[in-house]
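Okay, structure first, notes after.
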Amino acid sequence: MVPLKPVKNSPEDLPHTFSTHNPADDMHPTSRLILHIKNNRAGEEAFRFTGERIAAALERHGDAADRIDIRVDWDLDNFEKSMRDADALVTWDLPTAGLGDRAPHLRWIHIIGAGVEHLQPLTWLPPRTILTNNRGVHAEKTAESAAMAVLMLHNRIPAYVSDQRASRWNPVYVPPIAGKTVAVIGVGEMGGAATRAFKALGLKVLGIRRGGAPHPSVDEMHGPDGLRTVLGAADFVHVTLPQTPETTGLIDRQAIRAMKQGAGLVNFGRAPVIDHEALVEALRDGHLGGALLDVHDPEPLPAGSPLWKVPNLILTPHVSSDDDRSYIPATLDLVFENCKRLLNGESLKNRVDPSLGY
Ligand code: OXD
């Protein structure tokens, strides 16, 4: 979720308070939670916390609703004031300097995306404050998009798009995809959802994840040192890595050259994980059969980027894992579930490990 495209503002749609506070509850101040939700004016409507979406989520979480005071604002409007007594913050971004002093009661920050690279290094996080992210919210959409991506690569759609631009008739007949091999680099929530979709297509699934723990939809799981092995064995490589110092540049020239001749590459994670110059070279000289990139650096990808015109490469504008119907409702379900946990003194779901950066 990267809310970058400018959208029409609709401030009238934003409730500034959603308090169901009953003054009688003042007897038990620790049993209440003040939650500040920060919307981005420049963000897309799909990622906006509207009054309607919040009200619907409160209905679904009625048991917690009367213990949470919700304040919704645009960007930094009322931010400093609100941080003085807020217990929890839901946002995509925030000014981090001196947060511990500016937000003395803040116990929890929820980031409404899976990636938190824009906030790294996480050294600004006050020791008493827990950071959580949106991993898992994308599962259904990302699984569908992952299936689409490998089917497109298998059926030579990137090459046919290039042929179409050149008015070229070049039929190539391929068998059904079952039996091919896909390597998922980064089997977390998003990668895990992709592996389920790949299994359903009849693919052999190889996986890479820290620690190499098995996954029910992965036939062969490896730790990070198995990267070259899986790259060399796969017909399709599906990248779902977060951006951290360890993953930046991981799919470099050597890694790309280690892929099978004619293989396809997909990136649904973060752009800096891949060496794009090496990718372009491999697409132009035919080492790779095609690629689909959904994530870019920067976003929006500038009109002058050479990537737009590379043959056998399909670009999508960071849409593979987010949908405009359920993203914010599912985010609110996660937020309210964690509110209940915080109120009950239980550990929160989706904690980000500041030392790993995801
Ligand atoms: C996210 C994403 O970080 O969609 O949530 O990329």
Side-chain angles (χ1 to χ4, degrees), residues 1-5 7 37-40 42-49 53 89-94 96 109-122 131-149 184-194 197 209 238-248 250-251 265-274 276 292-301 314-335 337-338 348-354 356-358:
M1 200 293 317
V2 181
L4 289 167
K5 282 187 219 147
V7 292
I37 298 181
K38 174 180 162 317
N39 272 310
N40 280 7
E44 292 146 308
E45 207 280 333
F47 305 118
R48 188 169 303 153
F49 294 91
R53 286 169 174 165
L89 169 65
V90 173
T91 185
W92 164 247
D93 57 8
L94 71 153
T96 56
I109 301 172
H110 181 76
I111 301 300
I112 64 159
V116 297
E117 69 285 345
H118 55 301
L119 298 170
Q120 289 183 25
L122 299 172
L131 188 68
T132 59
N133 70 4
N134 246 11
R135 62 178 177 266
V137 165
H138 317 66
E140 193 184 341
K141 178 69 189 285
T142 206
E144 204 170 286
S145 299
M148 175 190 73
V184 178
I185 315 300
V187 184
E189 290 285 344
M190 277 172 72
R209 77 166 159 195
H238 187 84
V239 178
T240 47
L241 288 169
Q243 183 186 340
T244 70
E246 276 171 315
T247 63
T248 299
L250 186 72
I251 309 296
L265 179 68
V266 180
N267 191 6
F268 282 6
R270 284 295 184 261
V273 169
I274 292 181
H276 288 100
L292 192 149
L293 302 178
D294 184 55
V295 285
H296 309 279
D297 185 21
E299 291 185 4
L301 188 67
I314 288 195
L315 306 179
T316 51
H318 202 141
V319 290
S320 63
S321 308
D322 309 317
D323 79 278
D324 60 345
R325 186 189 59 203
S326 66
Y327 194 82
I328 289 299
T331 301
L332 283 166
D333 285 339
L334 174 61
V335 165
E337 161 69 23
N338 268 343
L348 301 192
K349 284 171 94 170
N350 282 20
R351 283 180 79 144
V352 171
D353 180 340
L356 297 177
Y358 63 91

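Order of appearance sets the numbers: ligands from 1, and atoms from 1 within every ligand.
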Legend entry - Subset of ligand 1 atoms that lie under 4.0 Å from at least one heavy atom of H318: 2 (C), 4 (O), 6 (O)
Legend entry - Check: F268 and V239 side chains under 4.5 Å, non-hydrogen atoms: no
Inset, instruction - Name all residues meeting the side-chain hydrogen bond (donor to acceptor under 3.5 Å, both in side chains) criterion together with T248; count only those two or more places apart in sequence or in a different chain, and write none if there are none. - result: none
Inset, instruction - Output yes when a side-chain donor or acceptor of T247 lies under 3.5 Å from a complementary backbone atom of P242, and no otherwise. - result: yes
Inset, instruction - Just let me know how S321 lines up against ligand 1, side chain, backbone, both or neither, with a heavy-atom cut-off below 4.0 Å. - result: neither
Inset, instruction - Heavy-atom distances under 4.0 Å are what count here, so tell me which part of D322 touches ligand 1: side chain, backbone, both or neither. - result: side chain
Inset, instruction - Can you see which heavy atom on S321 is nearest to which on T142, and at what distance? - result: OG-OG1, 3.0 Å
Legend entry - G115: numbered ligand 1 atoms lying under 4.0 Å from its heavy atoms: 1 (C), 3 (O)
Inset, instruction - Report yes if I112 has an N/O atom closer than 3.5 Å to an N/O atom of ligand 1; otherwise report no. - result: no
Legend entry - For H138, atoms of ligand 1 separated by under 4.0 Å from a heavy atom: 1 (C), 2 (C), 4 (O), 5 (O)
Inset, instruction - Please state which part of Y327 comes within less than 4.0 Å of ligand 1, counting heavy atoms only: side chain, backbone, both or neither. - result: side chain
Legend entry - Heavy-atom donor-acceptor pair, N133 side chain to I111 backbone, under 3.5 Å: no
Inset, instruction - Any atoms of ligand 1 less than 4.0 Å from a non-hydrogen atom of R270? List them with their elements. - result: 1 (C), 2 (C), 3 (O), 6 (O)
Legend entry - From CD1 (I37) to OG1 (T331), nearest 0.5 Å: 10.5 Å
